[in-house]
Amino acid sequence: MSEQERRRREERALLEERGVNPYPYQWNVTARAAEILERFDDERHQPGEDGVAKEPFRVSIAGRILSKRVMGKASFFHVQDATGQIQVYIRRDDLPEGFYNQVFKKLLDIGDIVGIEGFVFRTRMGEVSVHAERLELLAKALRPLPVVKEVEGKVYNEVTDKEFRYRRRYVDLIINPEVREVFRRRARMITTLRRFLDARGYLEVETPVLQPVYGGASARPFLTHHNALDMTLYLRIADELYLKRLIVGGFEGVYEIGKDFRNEGLSRFHNPEFTMLELYVAYKDYFWMMDLVEEMLEHVAVTLHGAPEVTVGGRTISFARPWPRLPLFEAIERETGRDLYGKSRDELAAAAETLGLEIDETMGSGKIIDEIFGAFVEPKLIRPTFVIDYPVELSPLAKRHRSKPGLVERFEVICNGKELCNAFSELNDPDDQRARFEEQARLRAGGDEEAMQIDEDFLRALEYGMPPTAGLGVGIDRLAMLMTDQYSIRDVILFPLLRPEASAAAEGQATDENVHVFRDAEGWGWRFVRDDVATESSRFAKRDEALAEARRAAQSEGVEVVIDDEA
RNA sequence: GAUCCCGUAGCUCAGCUGGCAGAGCAUCUGACUUUUAAUCAGAGGGUCCCAGGUUCGAAUCCUGGCGGGAUCACCA
């Protein structure tokens with residue numbers, strides 16, 4: 001514990017000795033900082049010579065102390081509430097005997113949460129402030145807050161360490177107002193989407209996150225286990241198959257905004273859990289859906305920015321309708337000079353190799369086309385663009401194109417070089433769907449861990465008949481990155497996934513019930529203790545090898561793997 | 001998974017070719033009743049990420065590890 005933390009605990013004890021509860025129950029807030037600054041009127045509210053205003057502006061506020069300037073028998077400090085900061089002026093002689101010298105000066109710190117009653121005035125230096133007549137501690141902070149100072153727009157001692165900010169987002173939010181603004185804007189964006197869809201009569205629904213069969217996308221899932229039923233469950237990788245069941249059920253427009261989980265790497269565009277909007281509308285096709293997406297995202301941009309233009313990374317991107325609609329193969333031909341439509345797998349592989357891409361045996365034709373698109377086309381598409389008509393191999397849930405053999409009626413919206421939306425005319429022929437699933441099963445047997453599972457119940461639902469349907473998925477986090485001008489997905493997710501802190505692993509969950517991975521002089525190993533009988537592995541040179549073995553052992557024992565913070 | 005960069009006080013950071021661990025803010029003591037990065041005088045505070053090596057001597061050099069960031073790969 002640092003000196004400052006020890007001191008704050010002592011202060012708390014001294015407060016308790018004086019009969020002050022460091023954690024009282026409530027405070028009656030009548031005004032917030034931003035609103036006080038806005039409403040203050042010098043004519044009516046500023047006290048005159050006699051110290052009395054025409055109309056005294058009395059307030060009761062609450063917030064966190066962010067700075068403290070003691071000048072003998074009077075002090076100034078800034079308090080921050082949800083709306084911003086306001087200065088408070090406090091004088092010894094306005095408060096009960098001893099309070100100012102013994103409590104305010106000695107026992108209250110930056111970071112403490114306080115309530116203040118008083119009247120609003122403007123100081124000689126011109127800052128609208130609250131003249132405190134009563135001050136009460138509402139919560140004692142035991143850890144010191146990083147002190148960030150700002151003068152004329154220049155910020156001093158700014159906390160720039162990303163790890164600190166992500167691991168202690170609560171501190172980040174206190175000291176970085178622009179971070180609060182990002183998440184407010186994200187919330188406004190989601191509200192705007194919801195209102196847009198509600199206004200059209202679509203039903204917001206919730207479908208299972210825990211699924212016995214996962215599907216709706218190509219991705220590796222997270223596994224979990226249900227004890228009572230003794231069964232493996234998967235965290236959903238997409239909502240799609242359940243939402244389409246609801247279209248079978250007779251709802252004509254359903255949507256869901258929720259988390260999907262994909263057991264894959266992290267990057268500035270990928271977090272293992274992320275937010276997706278999915279929408280399904282009966283009797284519509286992908287052309288109709290393109291119109292809707294344009295209208296919806298233009299509306300979001302205008303609502304958040306007042307105009308369809310959005311600035312991202314110093315570049316202006318317009319969401320104004322209409323957006324270009326570019327067939328996938330045309331886009332590839334435009335950028336590579338090669339017409340790949342209708343080409344065989346081997347011809348595609350040869351083309352890709354002459355373009356400098358590495359192709360291996362396991363890659364099918366759809367995969368090769370996707371590689372070429374990702375390398376040569378996607379990064380070039382900056383303004384929102386519909387890329388349409390994908391190869392059927394890449395799209396096991398999309399309906400075959402009405403006129404172009406080998407393709408499906410599918411579009412992606414690419415914006416700022418990255419996929420933002422994915423949509424299709426939904427496949428509703430149950431036999432074709434079964435054939436597509438079976439093809440996926442073959443890929444799976446061939447080692448493709450991302451191939452889809454056969455979902456028999458979904459096929460049964462289609463056999464009852466699903467109307468023609470248009471479906472859409474929107475990556476909400478990526479849309480939020482665009483709408484808030486953030487470079488990394490971690491900056492639009494409040495608590496992005498990080499490796500656990502070493503101390504957390506050691507203090508938190510380490511029990512003998514689990515398989516422990518450790519490191520000693522001989523290398524990495526694992527051990528497991530049950531009924532005082534220890535099982536210990538031989539040593540591995542690499543942590544990952546020991547970890548993989550430990551996982552196997554843990555799975556067979558039905559326990560967790562714990563990485564010990566030792567050696 | 002690969003490559004590069006980073007890890008020093010509560011925060012931001014300096015510390016060169018190896019030689020007593022530093023600054024500003026924060027904290028503590030004192031002064032100061034309209035200050036605002038308040039000011040002035042003083043004080044305390046360190047697992048220099050961890051382990052090993054080289055060396056008379058390591059925050060500094062070397063190796064390995066841990067954590068983070070960036071780029072790439074993977075991933076629609």
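Letters A, B, ... are given to chains in the order of the sequence lines, protein chains preceding strands, and every chain is numbered from 1.
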Interatomic distance where CD belongs to A/Gln85 and P belongs to B/rU36 [whole Å]: 16 Å
Span that lies between the C1' atom of B/rC48 and that of B/rC6, in whole angstrom: 14 Å
Carboxylate-amine/guanidinium proximity below 4.0 Å for A/Glu426 and A/Lys244: yes
C1'-based separation of B/rC11 from B/rG45 [nearest Å]: 14 Å
Side chain proximity check, A/Pro324 to A/Phe386, heavy atoms < 4.5 angstrom: no
Between B/rU54 and B/rC16 - P atom distance, rounded Å: 24 Å
Protein-nucleotide distance (A/Lys162, atom NZ; B/rC11, atom P), rounded to Å: 18 Å
Cationic N near anionic O, under 4.0 Å, A/Glu449 to A/Arg220: yes
Whichever of A/Arg91 and A/Phe164 has its nearest RNA chain B nucleotide further upstream toward 5': A/Phe164
Check: A/Glu163 side chain, B/rG67 base, donor-acceptor under 3.5 Å: no
hbond_proxy A/Glu127 side chain to B/rU36 base (donor-acceptor, 3.5 Å cutoff): yes
Spacing of A/Arg7 atom CZ relative to B/rU29 atom C1', expressed in whole Å: 11 Å
Out of B/rU27, B/rU36, B/rC75, whichever nucleotide has its closest atom nearest the side chain of A/Glu3: B/rU27
Between B/rU29 and B/rG65 - C1' atom distance, rounded Å: 44 Å
More than 12 heavy atoms of other groups within 6.0 Å of A/Arg143 CZ: no
Heavy-atom donor-acceptor pair, A/Arg124 side-chain to B/rU34 base, under 3.5 Å: no
Nearest-Å distance once atom P is located in both B/rG1 and B/rU12: 28 Å
Atom-to-atom span, CG of A/Asp161 to C1' of B/rG67 - whole angstrom: 10 Å
Ionic contact status for A/Glu371 with A/Lys367, cut-off 4.0 Å: yes
Distance, P atom - from B/rC50 to B/rU8, rounded to whole angstrom: 10 Å
Length of the line joining A/Glu5:CD and B/rG45:P, which is rounded to integer Å: 17 Å
Partner residues of A/Glu333 under the salt bridge (Lys or Arg N to Asp or Glu O under 4.0 Å) criterion, sequence neighbours left out: none
C1' atoms of B/rG42 and B/rG53, separation to the nearest Å: 44 Å
Residue mapping more 5' on RNA chain B - nearest nucleotide basis, A/Gln87 or A/Val148: A/Val148
Phosphate OP1/OP2 of B/rU27 contacted by A/Arg6 side-chain N/O (<4.0 Å): no
Heteroatom pairs (N/O) under 3.5 angstrom, protein to nucleotides 22-26 of chain B:
from	atom 1	to	atom 2	distance (Å)
B/rG24	N2	A/Asn157	OD1	2.7
B/rG24	N2	A/Asn157	ND2	3.4
B/rC25	O3'	A/Lys149	NZ	2.8
B/rA26	OP1	A/Lys149	NZ	3.0
B/rA26	N3	A/Gln4	NE2	3.2

Heavy-atom closest pair, residues A/Arg315 and A/Ile382: NH2-CD1, 3.4 Å
A/Phe222 CZ to B/rC75 C1', straight-line distance once rounded to whole Å: 12 Å
Sugar-phosphate, base or nothing in reach of A/Glu158, heavy atoms under 4.0 Å: sugar-phosphate
Spacing of the C1' atoms in B/rA70 and B/rA59 (rounded, Å): 25 Å
Any residue meeting salt bridge (Lys or Arg N to Asp or Glu O under 4.0 Å) with A/Arg444, in chain and number order, not counting sequence neighbours: none
